[in-house]
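Following: one structure in structure tokens, then a few remarks.
What you see is a predicted model, and the numbers here were worked out from it, not measured in a lab. Excluded from the calculations below are hydrogen atoms, water molecules and symmetry mates; all remaining heavy atoms, backbone and side chain alike, are included.
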Amino acid sequence: MPKNSVIRRKFYYLLRPAVSRRLSSTRRLLNPSVKNIAFVTYHKAPHLTPDDATALSSLRDAGIAVTPVIWNLPSNDWKAYDAIILRSCWDYHQKLDDFRGWLDHIAALQIPLWNPAEIVYWNLHKKYLQDLAAQGVNIPRTIWLKVGSPAPLQTLLQDYGFAQAVVKPAVSATAWQTWRTSPANAQHDQTRLDELLRSSDVMIQEFIPEVTISGEWSLLFLGGEFSHAVVKLPQNGDFRVQSDFGGTCQLQSATPELIHQAEEILRKMNQPLLYARVDGVVSNGNFTLMELELIEPQLFLGLHPSAPERFAAAIAAIL
């Protein structure tokens, strides 16, 4: 990239928060009834994602103006917005202390945040799965390891009877530092586990084969109501369903029983939710929760014709 282009691009990002504040003020003057909200992003996706952008038309019809805002730019004026909605802040797990500090800052400003900060704090660390399991939610069998603890991988897998397992940090997103292992590969993978434990709590989950056979379900709830569902499949030879690793997804009709099982999980929450994505695998008719995505999940709005309008209606309701 030419040097001048780099300078212009840096200048744009420095100027952008001031431009956003001016636009928000102008909208208020022209139409005091307009609500201005921030969709929180990160530096690698500074604009609205194509999926989130599908809701713009419905939001405009509801008198709501949206500005994408990178969460950790010091120059942001968060008071310019009537509400802040977490959307594509997809690096929070790599800057966890900064992100927690940002949540504290928004709370101090008393600006409505969705989902609420208390829920976000709880959902940051995957020990929330332990909390849900204690309330009767079915999750994969899991070995929980504390940062810095010794962990003989082969012995652990053999003791728990895991033919295959998935290792991941307890704070992660988009399959970051997530890998599959087995007793046969455990000695080779020990160094990798040791390195991960130097900086993070770690979870080792029993691998569920249905992920690669029938796929992983994502059931989407907007404003507390079921909206739509998709099934995600990994590419051949992989287990990760995310598109970053070649995974694919398609709209799928969920049975009333499956929706009911997802609703039962969400009833464990003690706060209202703007959005929720319940990810899991169906085996013998039973739903196993893999993740409860309450921070920044892709909502697959573009896969269902009514989903963008439902999302806009849910946002209008909280305003």
Side-chain angles (χ1 to χ4, degrees), residues 40-45 49 71-72 86-103 115 117 119-133 137 139-149 151 153 156-157 162 164-181 185 189-208 211-212 216-218 232 234-235 238-247 249 265 275-281 288-300:
V40 178
T41 65
Y42 82 127
H43 70 285
K44 289 187 178 179
T49 65
W71 69 271
N72 56 348
L86 296 166
R87 289 310 309 126
S88 52
C89 49
W90 291 333
D91 62 347
Y92 78 87
H93 58 290
Q94 297 172 328
K95 303 175 181 180
L96 189 58
D97 289 341
D98 290 343
F99 189 69
R100 284 179 171 144
W102 177 80
L103 289 172
N115 281 321
I119 287 290
V120 174
Y121 281 123
W122 176 76
N123 200 228
L124 283 172
H125 192 292
K126 296 189 192 303
K127 65 184 178 183
Y128 75 81
L129 290 168
Q130 284 182 302
D131 297 339
L132 292 173
V137 175
I139 68 169
R141 290 200 297 153
T142 305
I143 304 168
W144 301 92
L145 304 173
K146 297 295 291 182
V147 60
S149 64
L153 183 57
L156 287 171
L157 297 180
F162 289 178
Q164 292 190 69
V166 174
V167 181
K168 64 178 74 171
V171 178
S172 66
T174 322
W176 180 65
Q177 293 190 358
T178 297
W179 38 282
R180 186 163 57 175
T181 189
N185 294 326
D189 292 337
Q190 184 66 54
T191 300
R192 193 174 183 181
L193 176 60
D194 293 341
E195 183 177 349
L196 194 56
L197 278 166
R198 290 190 188 100
S199 59
S200 173
D201 294 344
V202 173
M203 56 196 297
I204 303 174
Q205 287 186 318
E206 184 175 26
F207 177 69
I208 300 179
V211 170
T212 59
E216 179 181 277
W217 282 86
S218 284
K232 303 171 292 186
Q235 70 174 356
D238 207 330
F239 69 97
R240 297 166 296 185
V241 298
Q242 292 81 2
S243 59
D244 307 60
F245 306 103
C249 67
I265 293 170
Y275 52 79
R277 200 180 84 194
V278 185
D279 290 353
V281 177
T288 298
L289 178 68
M290 304 297 288
E291 299 275 4
L292 180 56
E293 298 277 6
L294 304 178
I295 301 176
E296 35 60 73
Q298 183 178 358
L299 298 175
F300 304 109

Would you say the side chains of Tyr275 and Glu296 form a donor-acceptor pair under 3.5 Å?
no
The criterion is side-chain hydrogen bond (donor to acceptor under 3.5 Å, both in side chains); which residues satisfy it with Arg192, sequence neighbours excluded?
none
Sorted by chain and residue number, the side-chain hydrogen bond (donor to acceptor under 3.5 Å, both in side chains) partners of Gln190 (sequence neighbours excluded) come out as Asp194
For the residue pair [X] and [Y], what are the closest heavy atoms and their distance?
X      : Y      : value
Lys126 : Ser172 : CE-OG, 3.2 Å
Ser149 : Leu197 : O-CD1, 3.5 Å
Pro297 : Arg87  : O-NH2, 2.7 Å
Leu145 : Ala151 : CD1-CB, 3.7 Å
Ala170 : Ser200 : N-OG, 3.9 Å
Asp189 : Trp179 : CB-CZ3, 3.5 Å

Hey, are the side chains of [X] and [Y] touching, using non-hydrogen atoms and a 4.5 Å cut-off?
X      : Y      : value
Thr288 : Trp217 : no
Leu292 : Trp122 : yes
Thr178 : Val167 : no
Lys168 : Gln205 : yes

Kindly say whether the aromatic ring centers of Trp71 and Phe99 come within a distance under 6.0 Å.
yes
Is there a side-chain contact (heavy atoms from CB on, under 4.5 Å) between Trp90 and Thr49 once you walk through the steps?
CA-CA 12 Å; Trp90 291 333; Thr49 65; 3.7 Å; yes
First locate atom [atom1] of [X], then atom [atom2] of [Y], and finally report the distance between them rounded to the nearest 0.5 Å.
X      : Y      : atom1 : atom2 : result
Glu206 : Ile143 : CD    : CD1   : 9.5 Å
Asn185 : Gln164 : CG    : CD    : 9.0 Å
Asp279 : Ile265 : CG    : CD1   : 10.0 Å
Gln298 : Ser218 : CD    : OG    : 9.0 Å
Leu132 : Lys127 : CG    : NZ    : 13.0 Å

With distance as the sole test, does Asn123 use its side chain to make a donor-acceptor pair with the main-chain N or O of Leu294 at under 3.5 Å?
yes
Please confirm whether the backbone N or O of Val147 pairs with a side-chain atom of Asp201, one donor and one acceptor, at under 3.5 Å?
yes
When you look at Glu291 and Tyr128, which way does the side-chain hydrogen bond (donor to acceptor under 3.5 Å, both in side chains) test go after all the steps?
CA-CA 9 Å; Glu291 299 275 4; Tyr128 75 81; 2.9 Å; yes
Output, in order, the C-alpha distance, side-chain angles, deciding distance and verdict of side-chain contact (heavy atoms from CB on, under 4.5 Å) for Ile204 and Leu153.
CA-CA 9 Å; Ile204 303 174; Leu153 183 57; 3.8 Å; yes
Phe300 six-ring centre to Arg277 NZ/CZ under 6.0 Å and within 45° of normal:
no
Cation-pi between Arg180 and Phe207: NZ/CZ under 6.0 Å from ring centre and within 45° of the ring axis?
yes
Residue Gln130 excluded, over 12 heavy atoms near CD under 6.0 Å
yes
side-chain contact (heavy atoms from CB on, under 4.5 Å), that's the test. Do Leu103 and Val120 meet it? Break it down for me.
CA-CA 9 Å; Leu103 289 172; Val120 174; 3.8 Å; yes
Does anything in residues 90-100 pair up under salt bridge (charged side-chain N to carboxylate O under 4.0 Å, His left out), and if so which pairs, sequence neighbours excluded?
Asp91-Lys95
